[in-house]
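Below: one structure, written as structure tokens.
Read the numbers this way: they start at 1 and go in the same order the structure lists the ligands and their atoms.
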Amino acid sequence: MQADYSAMRQSILDGAPESAASLATQAVEQGLPPLEVIDHGFVPGMAEVGEQYAQHKLFLPDMLAAAEAMKAAMAVLEPELKRQGGERPPAGTVILGTTKGDIHEIGKILVGTLLTANGFKVHDLGVDVPSERFASTAKELNADVIGVSALLTTTMRGQRSVVEALDRAGLRSQVKIIVGGAPVTRKWAEEIGADGYAKDAITAVALVKGLLAERLALHHG
Ligand code: B12
């Protein structure tokens, strides 16, 4: 049987959590790679919802329903992703969160899931996180990397505040900061003095691995 990507996309557009979850379950039962199912089946639905919202064809409640459907699908696919990663000693500790004033969480959760699947210890602070909390938690957990998500052009500046908060806490040289989210660009990351930017969850894993390898090389080389 083939993956029904168009039905998955439609379940997001319809804001139908039951149908999204059952399509995800079917995909798992068929042995389809969970990441492909997310990327080709469900994420295109979210992108379409965003476009239709921008064109005033869909409204806030529709966006909310779509997010619920996406979360229902992810609840099925996440454990699969993590299981495929297997058990290994932690490759490093990463703190994740969405900036103050911003409640978008789906992309961040996906980044966290893939990092976990790749052996990282992930501590997710959730959404609407004050900059100082990123810094204090980094200190508390002796974190290697902080990942800051922002989905609104207005909350992107919160990413700069996290860089500044880490500076103030005297931790800037010890902890790497990476940023992401739909409106975020590499140029913005450079402008605010972050250590990296990734456009999606797969690239985020490569980015974190690269940053930590760089650091190991500095310490030992
Ligand atoms: C779902 C959604 C919502 C849901 C969120 C529910 C939830 N639990 O998360 C709800 C309904 C709550 C919502 C609310 C609002 N939303 Co909204 N929302 C979306 C939508 C449709 C999808 C976002 C999503 O989940 N995408 C799927 C994930 C998988 O993709 P992603 O988030 O981009 O994440 C990937 C990458 O960006 C990256 N990434 C993400 N984070 C990080 C972090 C790091 C460190 C790294 C390295 C990478 C990384 O990796 C991820 C995985 O590949 C987008 C449209 C869009 N195209 O983005 C609009 C959108 C982001 N929302 C928008 C708006 C305007 C709003 C509201 C202001 C609407 C209103 N009038 O109230 C509110 C704001 C609420 C708030 N204070 O935050 C606008 C933003 C416009 C702008 N440029 O600022 C968008 C673009 C829609 C549009 N086209 O107008 N929204």
Side-chain angles (χ1 to χ4, degrees), residues 8-9 12-13 15 17 20 34-75 77-78 81 94-118 120 122-129 134 138 143-159 162-163 175-186 188-189 192 194-211:
M8 291 175 193
R9 178 178 159 279
I12 301 297
L13 280 165
L35 198 57
E36 254 169 57
V37 172
I38 294 175
D39 267 359
H40 301 304
F42 295 107
V43 168
M46 293 304 279
E48 172 83 33
V49 167
E51 275 161 36
Q52 294 206 18
Y53 175 81
Q55 294 164 12
H56 308 290
K57 288 184 190 151
L58 284 180
F59 302 95
L60 194 57
D62 306 308
M63 210 151 60
L64 203 53
E68 287 309 315
M70 181 79 193
K71 286 192 347 191
M74 281 184 25
L77 296 165
E78 248 181 38
L81 272 174
V94 184
I95 293 173
L96 288 180
T98 305
T99 50
K100 180 98 194 106
D102 195 327
I103 60 167
H104 294 86
E105 63 180 345
I106 293 166
K108 167 186 64 66
I109 292 176
L110 207 49
V111 170
T113 304
L114 280 206
L115 283 171
T116 306
N118 280 276
F120 291 93
V122 174
H123 188 88
D124 191 337
L125 293 172
V127 296
D128 188 20
V129 182
F134 282 98
D144 301 289
V145 178
I146 295 180
V148 193
S149 183
L151 265 287
L152 300 172
T153 40
T154 47
T155 57
M156 273 166 66
R157 68 174 72 110
Q159 296 178 323
V162 175
V163 176
V175 188
K176 302 284 182 191
I177 301 183
I178 63 168
V179 293
V184 178
T185 59
R186 186 175 305 282
W188 168 251
I192 64 174
D195 299 298
Y197 154 82
K199 66 170 182 6
D200 59 32
I202 298 174
T203 349
V205 172
L207 174 65
V208 171
K209 283 184 177 166
L211 286 171

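In Val148, the part holding a heavy atom less than 4.0 Å from any atom of ligand 1 is the backbone. With a heavy-atom cut-off of 4.0 Å, Pro183 does not touch ligand 1 at all. Within the 4.0 Å heavy-atom criterion, the part of Val179 lying near ligand 1 is the backbone and not the side chain.
Asp102 places a side-chain N or O within 3.5 Å of a backbone atom of Leu151 that can act as its donor or acceptor partner. Not a single donor-acceptor pair under 3.5 Å links the side chain of Asp195 to the backbone N or O of Ile178. Using a distance-only test at 3.5 Å, with no hydrogens or angles considered, a donor-acceptor pair links the side chain of Asp62 to the main chain of Phe59.
Between Val111 and ligand 1, no pair of N/O atoms sits closer than 3.5 Å. Polar contact with ligand 1: absent for Leu110 (N/O pair, distance under 3.5 Å). Annotation: Thr153 places an N or O atom under 3.5 Å from an N or O atom of ligand 1; distance criterion only.
Of the protein's heavy atoms, Gly180 CA, 3.6 Å lies nearest to atom 46 (C) of ligand 1. With respect to atom 35 (C) of ligand 1, the closest heavy atom belonging to the protein is Gly107 CA, 4.1 Å. At the shortest separation from atom 41 (N) of ligand 1 among protein heavy atoms lies Ser149 OG, 2.8 Å. In this structure, the protein non-hydrogen atom closest to atom 72 (O) of ligand 1 is Leu60 CD2, 3.7 Å. Closest to atom 53 (O) of ligand 1, if we only count protein heavy atoms, is Ala201 N, 3.1 Å. Counting protein heavy atoms only, atom 38 (C) of ligand 1 is closest to Lys199 O, 3.6 Å. The closest protein non-hydrogen atom to atom 6 (C) of ligand 1 is Ala67 CB, 3.5 Å. Looking only at heavy atoms of the protein, atom 77 (N) of ligand 1 is closest to Gly101 O, 2.9 Å.
Here Tyr197 contributes atom OH and Leu207 contributes atom CG; the two are 10.5 Å apart, rounded to the nearest 0.5 Å. Atom CD1 of Ile38 is separated from atom CD of Glu78 by 7.5 Å, given to the nearest 0.5 angstrom. Within the model, atoms CG of Asn118 and OG1 of Thr113 stand 11.0 Å from one another, a figure rounded to the nearest 0.5 Å.
Heavy-atom contacts of Ala182 reach the following atoms of ligand 1: 33 (O), 37 (O), 58 (O) (cutoff under 4.0 Å). For ligand 1, the atoms closer than 4.0 angstrom to any heavy atom of Ala54 are 89 (N). Residue contact check: Asp102 has heavy atoms under 4.0 Å from atoms 78 (O) of ligand 1. Less than 4.0 angstrom separates some heavy atom of Asp200 from each of these atoms of ligand 1: 38 (C), 50 (O), 53 (O). Those atoms of ligand 1 with a heavy atom of Gly147 less than 4.0 angstrom away are 45 (C).
Using a 4.5 Å heavy-atom threshold, the side chains of Val49 and Leu13 count as touching. At a threshold of 4.5 Å between non-hydrogen side-chain atoms, the residues His104 and Thr155 do not count as touching. Met70 has its side chain within reach of Val43: a pair of non-hydrogen atoms, C-beta onward, lies under 4.5 Å apart. Here the side chains of Leu58 and Met63 are not in contact, with every heavy-atom distance at 4.5 Å or above. Looking at heavy atoms from C-beta onward, Leu35 lies in side-chain contact with Leu81 at the 4.5 angstrom threshold. Residues Asp39 and Ile202 form a side-chain contact, since some pair of their non-hydrogen atoms from C-beta on lies under 4.5 Å apart. Side-chain contact check for Lys71 versus Ile106: some heavy-atom pair is nearer than 4.5 Å. Counting only heavy atoms from C-beta outward, the side chains of Phe120 and Val145 never approach each other to under 4.5 Å.
Between Thr98 and Glu105, the closest heavy-atom pair is OG1-CA, 4.4 Å. For Gly196 against Ala189, the heavy-atom pair with the smallest separation is O-CB, 4.2 Å. What you find for Tyr53 and Leu60 is that their closest heavy atoms are CE1-N, 3.8 Å. In this structure, Ala72 and Pro17 approach most closely via the heavy-atom pair CB-O, 3.6 Å.
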Give the intermediate values and the outcome of side-chain contact (heavy atoms from CB on, under 4.5 Å) for residues Lys100 and Asp128.
-> CA-CA 4 Å; Lys100 180 98 194 106; Asp128 188 20; 3.3 Å; yes

Under the side-chain contact (heavy atoms from CB on, under 4.5 Å) rule, what do Thr99 and Met156 come out as? Steps first, then yes or no, please.
-> CA-CA 7 Å; Thr99 50; Met156 273 166 66; over 6 Å; no

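For atom 48 (C) of ligand 1, the nearest protein heavy atom is under 4.0 Å away. Within a 4.0 Å radius of atom 44 (C) of ligand 1, the protein has at least one heavy atom. At a distance under 4.0 Å, a protein heavy atom can be found next to atom 14 (C) of ligand 1. Note that atom 75 (C) of ligand 1 has protein non-hydrogen atoms nearby, at separations under 4.0 angstrom.
Across the listed options Lys108, Glu105, Met156, His56, Glu105 owns the non-hydrogen atom lying nearest to atom 9 (O) of ligand 1. Of the listed residues (Leu96, Leu64, Ile103), the one carrying the non-hydrogen atom nearest atom 78 (O) of ligand 1 is Ile103. Looking at Met70, Met46, Met74 and measuring to atom 23 (C) of ligand 1, the nearest heavy atom belongs to Met46.
In this structure, Ala66 falls outside the shell of residues with a heavy atom less than 4.0 angstrom from ligand 1. The shortest heavy-atom distance from Glu51 to ligand 1 is not under 4.0 Å. Judged by the shortest distance from any of its heavy atoms, Gly181 lies inside the 4.0 Å radius around the atoms of ligand 1.
By the criterion of a separation under 2.8 Å, the protein N/O/S atoms near atom 17 (Co) of ligand 1 amount to His104 NE2.
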